[in-house]
S.K.: 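First the structure, which I've put down as structure tokens, then a few questions once you've had a look.
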Amino acid sequence: MNADRYLSVLNPEQYAAVVHEGSPLLILAGAGSGKTRVITTKIAWLIGEKGVEPESILAVTFTNKAAREMLDRATRLESRAERSVLRTFHSFGAWLLRRNAALAGLDSGFTIYDDDDAKTLLSKAIPALTRQQASAAVHKIARAKDYCYGPNHPLLAEIDPDPDFAEVYSLYEKRLRETGNLDFGDLILLPVKLLTEHPEVRSRIQSRFSVVMVDEYQDSNSAQFELLKAIAGPSTYLCVVGDDDQSIYRFRGAEVQNILTFADCFPGTQIIRLERNYRSYAPILSVADEVVSHNEGRLGKTLVAERGNGKKPVLVFLGNQDEESSFCAELINESRKKGCPWSDWAVLYRTNAQSLGFETEFLHRKIPYKVVGTLKFYEREEIKDALAFLALVANGRDEVAFRRIVNKPARGLGEVTQDKIVAEARRILFESPIETSEFSFDDKTDLVSASRNILGSLSKKAKSGLSEFIHVVESLRLKLDHAGSLLVDTSELSQAAINSEDASKLVKKRKGAIGLASFVENLVESSGLLAYHQGQDEIAGTQRVANLEELVNAASLYPMSREGLIEFLEHIELDRSMSEEEDNPDSVTLITIHNTKGLEFPRVIITGLESGIFPRDDKKGDDLEEERRLMYVGCTRAMDELYLTSCGARRLYGRTSFMEPSPFLFEISPESIEVLGRAPRSFQNRRTGVSSSATGSSGSPGSSGSAPGTDTSRWRAGRKLFHDEYGYGIITKSFNSDGEHIIVVRFETGGEKRFMPKYQERSLLLVED
DNA sequence: TCACAGTGACTTTTT
DNA sequence: GTCACTGTGA
């Protein structure tokens, strides 16, 4: 595309950011300010106007979706951008490691463990750990890696001062290397190590990439910052884009300091602010701004609404989450009657668990919806089984994968036998240390070879089961190796795999399983997994066979070779956001606030604005600021209309609890928002500036605002109430005994019970007369 | 070794 | 209320 055309649509700040050259550049891009447009235009401009080689541009993002969108948009402006490297941090790390596997001390066929796999590995490595302890340890190890701390790092104590932790971490690393696997943190950490320990690799990378850009820079962690410093040489043009107000991944190690101190770390940095918002009407931005301006640690930025004035956001107080979901349904239905498409609407919530109520309600009312971000497909048992089998074929040392499928379907190989095999594999490994980089299929440390070694020591039943298993794995490996040599040209496909949408169409046109698909199909069958899950289907009426077929289909995008298999597994591990298949395009979006980043909707409802839910009750200090930024992200998704809902009571883990409005609601000035429904007294007091001593109380909506238990008059005889377990009842007696306030309640069911209200805040609910 | 039942823990957010 | 782990008995 002609540069004049794409440059002419930019505002002066965007233009300046696109044509900026020389010094490092920090673009502070507010929500809806055209950030992606700037990055993609810049890529196009560098290639088309400045003669930069497409291959020498590296652009890193945090999500695969963002990477795809960036590639898509940049390519539309400049077709050569297709050859640029646009990846997530993690997939870039994997890319770098596979190309320098030997130097990094890895097999280029390494597979990637998710948290679940890591937990399994650790609990097998240290049987003394309970599942919970293993889980906590894996979590802390991941944090440590976010900060680039190895097991011996002097600052490791910041994560956990317990000396045992360093030991557990160290053992975990050892076992992970033995199995030939990497975890997510390694995909950043090991490239940093590689680049710092091997200057020749570093200079090669630095001369390969003359331009390095990072999107969503506010979400980068310390390790990613280290990686960035290692990639960027003295002559690299570095450009990072981000918004400190949208930093919402601190909990997994994102370091806002990276963006706050960028200019200090890279001297000469120029800062360009994009503050013109093209997405939302002014009143929506006011609410977002009022909330986020309560944060202290921010660079500061004021969004200007280019779209001007519009409908004032609405805050709705509701009794409980059932009312909340039916309110949302009605609101959406009403707009539908006026011709508004379902897809205009997004219902946002803090935690995934909250989606359930909306799903039930919408199903009931026949409102089409889609839940974004449920990665259920790859978490299904049958899919995990098939993937574990594939992983074992690719990497014979993958202990977790081996344990998962060696006895599935049952082959008489229980944990005892499994332990024996793993021990044997480790024995061989220690007796004949081989250069790790030289591991290959026929390697003796392979769990399959180890299995063969111990066959003699097994019972008859286990022996035949294990022999059969060995045979299956080996014939699959043979098949893969042979296919590799007879390889038809599948480059068309793997190119298409990048643009997955086109690719699946391409594949559907062809008949039969092609590429890696025929291999996966074969594996699913010969492993016995298909028959096993078919049986389960009959019992539980599940969709397992269909899911396995779907997996086979997904594999058709990859060539039938070991490399193809590894690529397939990596893709699945790093991008679980399944192509949004045959989703009804006109449907309401149900989504967590975290997942909305980068998205926009004409009409947005942010639900569950209650203290304890949003923000979560354990949040304070910096964490609370992060929750506030999350609120900011949620609000700024809305283009035309914004609704906030807050419930007086909510059922959580099967219990009903009173809820107080989210403190963020108090930060919105009364003029900025229209209030519907019965606002709790605490809210009215706070908002009109009346001091309230009732903070932290849990009065029900409309009832007295004082703390329960101290105010005996609330629990007077004659009042109706609701109890979690016993249902509705009426207070028949209310008195003090030994200084304790006691009430007697007669329930509708006929029973009578005594309570001390003070201790029953969570289960006893006063009901309006 | 497996199937079942009872127990307990648990709910952020994700590459 | 749900899921997953643990322990028991066959």
Side-chain angles (χ1 to χ4, degrees), chain A residues 60-67 87-94 112-116 118-120 123 129-136 139 142-143 145-146 182-189 216 219-221 223-224 227 246-254 348-357 360 372-375 378-379 381 406-418 458-459 461-462 465 539 570-577 591-597 608 612-619 623 626-627 629-631 633-634 650-656 724-725:
Chain A
V60 214
T61 63
F62 282 86
T63 66
N64 295 286
K65 206 163 122 204
R87 285 175 175 260
T88 63
F89 259 112
H90 291 87
S91 102
F92 173 74
I112 301 162
Y113 270 177
D114 65 15
D115 287 0
D116 253 5
K119 275 175 216 166
T120 309
S123 25
L129 294 182
T130 64
R131 186 82 190 167
Q132 260 176 305
Q133 288 170 319
S135 173
H139 183 255
R143 280 299 73 73
K145 291 188 176 184
D146 286 340
L182 264 59
D183 61 20
F184 284 120
D186 289 336
L187 294 175
I188 310 298
L189 205 58
E216 305 282 14
D219 287 332
S220 60
N221 61 33
Q224 287 157 341
L227 181 56
Q246 294 187 64
S247 166
I248 54 174
Y249 285 104
R250 179 187 148 86
F251 70 91
R252 64 167 202 221
L348 276 50
Y349 36 79
R350 179 67 178 79
T351 65
N352 274 314
Q354 287 165 258
S355 76
L356 210 71
T360 320
V372 174
T374 46
L375 349 141
Y378 292 109
E379 271 165 16
E381 186 187 344
V406 68
N407 198 31
K408 208 168 192 177
R411 296 182 179 94
L413 305 163
E415 201 178 355
V416 179
T417 316
Q418 292 172 21
L458 295 179
S459 71
K461 186 176 154 209
I539 300 163
E570 177 178 313
H571 179 85
I572 285 171
E573 209 49 62
L574 295 184
D575 182 7
R576 303 193 147 190
S577 66
I591 189 169
T592 63
I593 306 172
H594 279 90
N595 272 323
T596 61
K597 204 162 58 155
I613 299 285
F614 187 19
R616 288 185 58 81
D617 48 7
D618 48 348
K619 301 294 184 182
D623 286 340
E626 172 143 317
E627 297 273 314
R629 291 191 291 266
L630 197 54
M631 178 71 182
V633 168
R650 181 173 291 272
R651 272 170 68 91
L652 274 171
Y653 334 92
R655 251 167 206 286
T656 304
D724 262 5
E725 207 173 321

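Only heavy atoms go into these numbers, but all of them, side chains included; no hydrogens, no water, no symmetry mates. Because the structure is a prediction, the values reported are computed rather than measured. By convention in this document, chain letters (A, B, ...) are assigned in the order of the sequence lines, proteins followed by strands, and residues within each chain are numbered from 1.
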S.K.: A/Asn64 has a side chain; which of B/dT11, B/dT15, C/dG1 sits nearest to it?
M.R.: B/dT15
S.K.: With under 30° as parallel and over 60° as perpendicular, where do the rings of A/His90 and A/Phe184 fit, or are they tilted in between?
M.R.: perpendicular
S.K.: Do any side-chain nitrogens or oxygens of A/Asn407 fall under 4.0 Å of OP1 or OP2 in B/dC2?
M.R.: yes
S.K.: How long is the line joining CG of A/Leu630 and C1' of B/dT14, in whole Å?
M.R.: 13 Å
S.K.: A/Phe184 side chain: which of B/dT15, B/dT1, B/dT13 is closest?
M.R.: B/dT15
S.K.: What stem regions, each of at least 3 consecutive Watson-Crick or G-U pairs below 3.5 Å, can be found for DNA chain C?
M.R.: B:1-10 with C:1-10
S.K.: Under 3.5 Å, is there any donor-acceptor pair linking the side chain of A/Arg350 to the base of B/dT12?
M.R.: yes
S.K.: With ring centroids as reference points, do A/Phe251 and A/His594 lie under 6.0 angstrom apart?
M.R.: yes
S.K.: Looking at residues at least two apart in the chain, or sitting in another chain, which of them share a salt bridge (charged side-chain N to carboxylate O under 4.0 Å, His left out) with A/Arg411?
M.R.: A/Glu468
S.K.: Sequence neighbours excluded, which residues qualify as side chain to side chain donor-acceptor pair (under 3.5 Å) partners of A/Asp115?
M.R.: none
S.K.: Under 4.0 Å, heavy atoms only, any strand: does A/Thr417 hit a base, just the sugar-phosphate, or nothing?
M.R.: sugar-phosphate
S.K.: Could you state the atom-to-atom distance from CZ of A/Arg411 to P of B/dT1 in whole Å?
M.R.: 14 Å
S.K.: A/Phe614: what forms a ring pair (Phe, Tyr, Trp, His ring centres under 6.0 Å) with it, not counting sequence neighbours?
M.R.: A/Phe664
S.K.: Quote, to the nearest angstrom, the C1' distance that separates C/dC5 from B/dT12.
M.R.: 22 Å
S.K.: Starting at NE2 of A/His139 and ending at P of B/dC10, how long is that distance when rounded to a whole Å?
M.R.: 13 Å
S.K.: Of all residues at least two apart in sequence or in a different chain, which pass the salt bridge (charged side-chain N to carboxylate O under 4.0 Å, His left out) check with A/Arg629?
M.R.: A/Glu626
S.K.: Quick one: on DNA chain B, does A/Val416 or A/Thr88 contact a more 5' nucleotide (nearest heavy atom)?
M.R.: A/Val416
S.K.: Return the value, rounded to whole Å, for the distance between atom CG of A/Leu652 and atom P of C/dT2.
M.R.: 15 Å
S.K.: Checking side chain to side chain contact (heavy atoms under 4.5 Å, CB included) for the pair A/Leu187/A/Ile112: CA distance, chi angles, key distance, verdict?
M.R.: CA-CA 9 Å; A/Leu187 294 175; A/Ile112 301 162; 4.0 Å; yes
S.K.: Can a salt bridge be assigned to the pair A/Arg252 and A/Asp146 using a cut-off of 4.0 Å between side-chain N and carboxylate O?
M.R.: no
S.K.: Consider only side-chain N and O atoms of A/Asn595 and A/Thr592, and report whether a donor and an acceptor are under 3.5 Å apart.
M.R.: yes
S.K.: Can you tell me which nucleotide in B/dC2, B/dT14, B/dT1 comes closest to the side chain of A/Arg252?
M.R.: B/dT14
S.K.: I need the CG-C1' distance between A/Leu574 and B/dT14, as an integer number of Å.
M.R.: 12 Å
S.K.: Nearest whole Å is fine: how far is B/dT13 C1' from A/Arg616 CZ?
M.R.: 10 Å
S.K.: Among the nucleotides B/dT15, B/dT13, B/dT11, which one has an atom lying closest to any side-chain atom of A/Asp115?
M.R.: B/dT15
S.K.: Nearest 0.5 Å please: distance from the CG atom of A/Asp183 over to the CG atom of A/Asp114.
M.R.: 10.0 Å
S.K.: Not counting sequence neighbours, which residues clear salt bridge (charged side-chain N to carboxylate O under 4.0 Å, His left out) with A/Glu573? List them please.
M.R.: A/Arg576
S.K.: Of the nucleotides B/dT11, C/dG1, B/dT14, which one has an atom closest to the side chain of A/Arg651?
M.R.: C/dG1
S.K.: The side chain of A/Thr63 lies closest to which of these nucleotides: B/dT15, B/dT12, B/dT13?
M.R.: B/dT15
S.K.: What's the closest nucleotide to the side chain of A/Thr351 if the choices are B/dT12, B/dT14, B/dT15?
M.R.: B/dT12
S.K.: Can you list the residues that meet the salt bridge (charged side-chain N to carboxylate O under 4.0 Å, His left out) rule with A/Asp186, with sequence neighbours excluded?
M.R.: A/Lys145, A/Arg177
S.K.: The criterion is side chain to side chain donor-acceptor pair (under 3.5 Å); which residues satisfy it with A/Thr63, sequence neighbours excluded?
M.R.: none
S.K.: List every contact pair, protein side and nucleotides 7-9 of chain B side both N or O, where the distance is under 3.5 Å.
M.R.:
unit_1	atom_1	unit_2	atom_2	d
B/dA9	O3'	A/Gln132	NE2	2.9

S.K.: A/Phe89 stacking on B/dT15: centroids under 5.5 Å, ring planes under 30°?
M.R.: no
S.K.: In whole angstrom, give the distance that lies between atom NE2 of A/His594 and atom C1' of B/dT13.
M.R.: 4 Å
S.K.: Under 4.0 Å, heavy atoms only, any strand: does A/Asn352 hit a base, just the sugar-phosphate, or nothing?
M.R.: sugar-phosphate
S.K.: Distances under 3.5 Å only, N/O to N/O: pair up the protein atoms with those of nucleotides 3-6 of chain C.
M.R.:
unit_1	atom_1	unit_2	atom_2	d
C/dC5	OP1	A/Arg131	NE	3.4

S.K.: Roughly how many Å is it from CD in A/Glu216 to P in B/dT14, rounded to a whole number?
M.R.: 14 Å
S.K.: Going by ring pair (Phe, Tyr, Trp, His ring centres under 6.0 Å), name the residues that satisfy it together with A/Tyr349, two or more places apart in sequence or in a different chain.
M.R.: none
S.K.: Would you mind classifying the nucleic acid contact of A/Phe62 as base, sugar-phosphate or nothing, using non-hydrogen atoms under 4.0 angstrom?
M.R.: sugar-phosphate
S.K.: Quick one: does any side-chain atom of A/Asn64 pair with a main-chain N or O of A/Thr88 as donor and acceptor, under 3.5 Å?
M.R.: no
S.K.: Please list, pair by pair, any protein nitrogen or oxygen found under 3.5 Å from a nitrogen or oxygen in nucleotides 7-10 of chain C.
M.R.:
none

S.K.: Are A/Phe62 and A/Gln224 packed together at the side-chain level, in the sense that at least one heavy-atom pair is separated by less than 4.5 angstrom?
M.R.: yes
